[in-house]
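Below, read A as the first sequence line, B as the second, and so on, with proteins coming before strands; counting in each chain starts at 1.
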There are 2 protein chains.
Amino acid sequence: MATIKDVAKRAGVSASTASRAMHGSSMISKPTRDKVVKAARELNYAPDFNAQNLATKASNTIGVVLPVDHHEIFSNPFFLEMIRGINQVCSQNGAMTTLATGISSEELVHNIDVMIAQGHIRNFILLYSEKNDPVVTRLNHFDVQYVVIGKPYQEVNRTSYVDNDNIQAGTDATQYLIDHGHRKICFLYSDLTKMVQSDRILGYQRAMMQKQLPSILLGERFENHAAGVTALKKFFKAHPDVTGFVAVDDMLALKLQQVLHNDPDWKVRQFSLIGFNNSIFSDLAHPTLTSVAVFPQRLGEEAAKIVMADHPADELTTAVIVPHQIIERHSVHPIASLK
Amino acid sequence: MATIKDVAKRAGVSASTASRAMHGSSMISKPTRDKVVKAARELNYAPDFNAQNLATKASNTIGVVLPVDHHEIFSNPFFLEMIRGINQVCSQNGAMTTLATGISSEELVHNIDVMIAQGHIRNFILLYSEKNDPVVTRLNHFDVQYVVIGKPYQEVNRTSYVDNDNIQAGTDATQYLIDHGHRKICFLYSDLTKMVQSDRILGYQRAMMQKQLPSILLGERFENHAAGVTALKKFFKAHPDVTGFVAVDDMLALKLQQVLHNDPDWKVRQFSLIGFNNSIFSDLAHPTLTSVAVFPQRLGEEAAKIVMADHPADELTTAVIVPHQIIERHSVHPIASLK
DNA sequence: ATTTTAATTGCAAGCGATTGCATAAATTTT
DNA sequence: AAAATTTATGCAATCGCTTGCAATTAAAAT
């Protein structure tokens, strides 16, 4: 493995000159810079990561924090997409990423503690956002900068984040059904404590209100088929003429679809569905599911860009909103309705 | 951030003594060791990651290589599960993990090149295995140790790996159907070039052969509903009396199920299905899908354990087989058949 | 032609830890 | 009680790189 001294020797200069030349310092003359760069290339030189970080006291690795392990979360391809985005821009900027995981909140915090204590993490990116997150508390306590993907709950004005405009996405999805002639539209959610869900509901309500249509909410997880059937039976009793559903995510939409399709009464009616996330489920459904894409990879990229920009501590925080987009498939059917 | 000198000063000893004490060197007396450890705890000391690695010239981070980006791959929750397993045992051993990704083979190789050149990666873990992998070539060239998850293609005798016994898994899945009275069983696959698939087929064939039953293979991706219907029509013409399917993975099983369920002719017959991977799809199906679980997290853990063990270069390689397990749900129906 | 100023380069210290070797203290041995 | 060991500790060099400052050289000004 070539060191800076090897490069220096080969270029016939001192190590310090070589170092400066490699960094494009203005105090090095063009000819020597060229000599050094050439030598470096010939030796396949790359500065030793640890030595460099030690000398500059400026670490170059980004800690990516996954939410506490939970099967549901880990089977969500979202995270990997975000990671891919982060890694993409990090490696373009010569930074590394390292993961923080834990099977419990305590373990995760502990792991983060040692990462901080070892002092080689420049910044953190949190792939999630939740209320009273001990990780956030920890990071604030040690005064470590971080970016969250999602809407921050704590220190809202002091934390940078990147997120979708979920309210708008909710409105757009609903409007899409309205545009296709639907008037009796139900919003299906599974967990009100998640801000993504409540935001999308808000957006749905806004769209409905604008058209003076009543909001119809349904909270149901479809944990199993029977439970789903029961819930829907009850639901249709109260709202017999619903024609469209906005489901808070594709998985829920797919579950709903399964239930609707396997019931002799319901399957003859042609319901329209729209989901969110444009996940793999949308292609698995039959008919394939129209869905609002939210581009997790972009979220990751933007988060990484913020981190890479390396703002001064006193600068205002950054918030980036990644646009969404409706991906049209075959689960929304137009209905002729009176204006 | 406390340094070893701070600890030393507080304990009233020299830095070298402090360092040795922290490492439990036998040349340090009990009382001083205690003093040092106490001081370290009080100062919340953790050795600086970069300094330590620089001094010992022994890096402590593991590079985790994801396959080249490809939507299909990134939407597969498998990888994240493996990563979780890896991270789990790495952090228990005080090691870090860092990810290598790339949107093209070239980019991935390049990223790995710089990681190697920067000299701070101890070992790599490849989360995949494929023929003529340029990454493997690279790692061999630089003589960097690595472990692959899956069956190695190159340098088979010189590389450690962890994998499932996919042949056996194929046999077991098939046998499960046979035990439920099925005799006309079809194996459904999507990509013969993948060793997982060909191995599972082999296992299937072994089980069938043992019972003197003929193998019935069907290669179909179900890219869309119509294509699926066509393929199945043709298939059933040739094999009208098939009652059970072994699908090479859950997603394919789910797609098959969708097609079967949405056709008036087929839906009245009660086919039995078994899939692989026990993925989230198995719970989404209706009826829920019986599936062979393969425990990706365990795969990750075992891979990390091999890496952590830090075998001498001349030692024999390690191969770990992670057991699989059939998770019974509701997609396999017994049929009364004559012995 | 001499002095000033500007442009380059190298010396050496330091980042925070580890470790071979010398030294000091404690313990045995004679 | 002096010498020989054994046991504990500290000094100083080192890992590879960066950077303040002094030193050298070249260019410009007088």
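- The phosphate of C:dG14 has neither OP1 nor OP2 within less than 4.0 Å of any side-chain N or O from A:Lys57.
- Heavy-atom minimum distance, B:Met22 versus B:Tyr45: CE-CD2, 4.0 Å.
- Here the P atom of nucleotide D:dT9 and the NZ atom of B:Lys5 are 20 Å apart, to the nearest Å.
- Summarising the geometry, the separation between CZ on B:Phe49 and C1' on C:dT18 is reported as 16 Å, rounded to the nearest angstrom.
- Electrostatic pairing of B:Lys30 and B:Asp34 counts as a salt bridge here, judged by a charged N lying under 4.0 Å from a carboxylate O.
- For D:dG16, neither phosphate oxygen OP1 nor OP2 lies less than 4.0 angstrom from any side-chain nitrogen or oxygen of A:Gln52.
- Regarding contacts with the backbone of C:dT9, a side-chain N or O of A:Ser29 is found under 4.0 angstrom from either OP1 or OP2.
- Heavy-atom distances to DNA chain C give each of A:Arg33 and B:Met22 a nearest nucleotide, and the one nearer the 5′ end belongs to A:Arg33.
- In terms of phosphate contacts, B:Ser14 brings a side-chain nitrogen or oxygen within less than 4.0 Å of OP1 or OP2 of D:dG10.
- Checked against A:Val136 for a side-chain contact (heavy atoms from CB on, under 4.5 Å), the options A:Asn132, A:Asp133, A:Leu139 give a single hit: A:Asp133.
- A:Thr56 comes within 4.0 angstrom of the backbone, heavy atoms only, and of no base.
- Ranking C:dC11, C:dT19, D:dC17 by closeness to the B:Ser19 side chain, first place goes to C:dT19.
- Distance A:His120 NE2 to D:dC17 P: 20 Å, rounded to the nearest Å.
- Residues B:Ser59 and B:Thr61 have side chains that never bring a donor and an acceptor to within less than 3.5 angstrom of each other.
- Atom CG of A:Asn53 is separated from atom C1' of C:dA17 by 15 Å (rounded to the nearest Å).
- With the nearest nucleotide of DNA chain D identified for both A:Met27 and A:Ile4, A:Ile4 has the one nearer the 5' end.
- Taking atom CG on A:Asp34 and atom P on C:dT8, their separation rounds to 13 Å, with Å as the unit.
- The B:Val13 side chain lies nearest to D:dG10 when the options are C:dA17, D:dG16, D:dG10.
- B:Tyr45 comes within 4.0 angstrom of sugar-phosphate atoms only, judged by non-hydrogen atoms across all strands, and of no base.
- Using a cut-off of 4.0 Å between Lys/Arg side-chain N and Asp/Glu carboxylate O, B:Lys305 and B:Glu301 are scored as not salt-bridged.
- One atom, NZ of B:Lys30, and another, P of D:dT7, lie 18 Å apart when rounded to the nearest Å.
- Side-chain nitrogen and oxygen atoms of B:Ser16 include none within less than 4.0 Å of the OP1 or OP2 phosphate oxygen of C:dA17.
- A:Arg20 places its CZ atom 8 Å from the P atom of D:dG20, with the value rounded to the nearest Å.
- Rounded to whole angstrom, the span from the CG atom of A:Leu54 across to the P atom of D:dT18 amounts to 11 Å.
- A close approach under 4.0 Å does not occur between any side-chain nitrogen or oxygen of B:Thr17 and OP1 or OP2 of D:dT9.
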